[in-house]
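Index from 1, following the sequence. Just so you know, ligand 1 is whichever comes first in the structure, and atom 1 is the first atom listed for that ligand.
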Amino acid sequence: MSTHIQGPVRVRFAPSPTGFLHVGGARTAIYNDLLRQSVGGAFILRIEDTDKERSNEAMTRQIQSALAWIGTVWDEGPFLQSERLERHRERAAELLANGRAYRCFCTAEELEGRRKAAEAAGSAFLYPRTCLARPQEELDALLAAGAPFVVRLRMPDDHVRFDDIVRGAMDFPPEALDDFILLRSDGSPTYHMSVVVDDIDMGITHVIRGEDHLSNTPKHVPLFRALGGTVPTFAHLPLILGPDKKRLSKRYGATSVEEFRNEGILPQALYNFLALLGWNPGDDREVMTREEMIAAFTVERLNDSAAVFDREKLWWMNGQYILRLSLQELWPHLEPFVEQAGLAGEDRERLQAALELHRTRATTLKELVELVQPYFRSELTYDPAACAKFLKDASLPDLLDTLRARFNALPAFTKEALEAALRALSEEKGAKAGVLIHPTRMALSASTGGPPLFDLIEVMGREATDRHMGRFLAFLREGGKPAEG
Ligand code: GLU
């Protein structure tokens, strides 16, 4: 089949608000967003909150904020499915009236016996159409007596066939399908009824959803037809697997959009990463803006095999975004972490300069803020093991003390001046520059790696540099005793 899609389309994302938006749902929303943006049309957000016990309003808000945060854009909604139940019942009544559906008075107990027998025989239980065969007078009598009933769809006796964009030609034989329930005995519509009525009323042209719904589609297709609706084109997305090749689970860490956000993943990176988890742009591009993905998006390149969620790859990609976005673009995302770290009240210019200096070395926003902590802490904790080399060098404290004094005496605290001062001192002492560079870095950051040292010192500033060097000297002179609080 030709899968090329011409717009305008009407697509929907229809989450059930029973939990946080997980990455599988987010990816479904992303493909709907990409398709709608690439060919034009409308993206509808529909909250499928008919399961009152499992749905809640807080989750409905949460899902919307996660979708907005990640960068998907919906044109219509959110519509609450729970507000449309009357409409679903009304359409079921039409099917009853025109004979496409029928009342079933079989009790759960009666069916249970048959179900057990089918199971024992190793076959699937299909409703045996007992009530379809019941004489009309009997049905009328049951109805008049107020006997409880469900409403079932009269399924066609043919195969149900449809072309799935991802899975290709699908064919379900009649013996695999039964007259499923549209309305329960309390009159409430089932998921199948609600979803199809809503898709028709909302004019949905393409249904992109998870593979877990593939077994529902042979029910939905005849129901669309029975209701006089146009059957949309389906695309069922393969599962997202964990590294153990089983369905992605909590065992490997975060699975919800919210959790990734809290770990310091950027929405742009998560969007990009999830988009590539089951789709490719046809070339080897990996870091792509939403606009680039929209331009490259075609459903032909949705994969039909399961995707493994590679956390390291996401972290790598996030690092790429931290690197490529301007500090101004990063700032709104960084701010919560800055606040959490207690740095919100610090000098903004100095904070931004430090962030700028370290951003090539962080893969998450949380890490980035962690890296600039030394600029703002009144004291650092030095690890005696990591400082063993410095502790052994008896002449180091005096040398560093001299360097500290020279730094203090500089009229301008610039990286050029700082470098010149350090190099002059090492030359005077006939030592290599590294003899001063390494302990100075340790003194200022309690770490052996980081950005170019003189940039670091300049951003650190005169006061913090003096303070950290002073404490490091004390630490060395005390023979590596952890500095006291
Ligand atoms: N509400 C369903 C779910 O959250 C989705 C239904 C659909 O996309 O058709 O799994």
| query | Do the rings of Phe180 and His192 sit parallel, tilted or perpendicular, given the 30° and 60° boundaries? | reply | perpendicular
| Taking N or O atoms only and a 3.5 Å limit, does Ala14 qualify as a polar contact for ligand 1? | yes
| query | Is the ring centre of Tyr191 less than 6.0 Å from the ring centre of His88? | reply | no
| remark: One finds that the ligand 1 atoms under 4.0 Å from a non-hydrogen atom of Val195 are 9 (O)
| query | Any idea which atoms of ligand 1 are less than 4.0 Å away from a heavy-atom of Ser16? | reply | 1 (N), 2 (C), 3 (C), 4 (O)
| How close does the nearest protein non-hydrogen atom get to atom 1 (N) of ligand 1, and which residue and atom is it? | Glu48 OE1, 2.6 Å
| note | If you scan protein heavy atoms around atom 10 (O) of ligand 1, the nearest is His213 NE2, 2.8 Å
| query | Any luck finding a side-chain donor-acceptor pair between Glu94 and Asn98 under 3.5 Å? | reply | no
| query | Strictly under 6.0 Å, is that where the ring centroids of Phe297 and Trp279 end up? | reply | yes
| Numbered atoms and elements of ligand 1 in range of Arg12, under 4.0 angstrom, heavy atoms | 7 (C), 8 (O), 9 (O)
| task | Start with the C-alpha distance between His358 and Leu368, add both sets of side-chain angles, then the distance that settles side-chain contact (heavy atoms from CB on, under 4.5 Å), and finish with yes or no. | result | CA-CA 7 Å; His358 285 268; Leu368 177 52; 3.9 Å; yes
| request: State whether Asp310 and Lys313 are salt-bridged, where the test is any N-O pair (Lys NZ or Arg NE/NH1/NH2 against Asp/Glu carboxylate O) under 4.0 Å. | output: no
| query | At under 4.0 Å between heavy atoms, which part of Tyr191 makes contact with ligand 1: side chain, backbone, both or neither? | reply | side chain
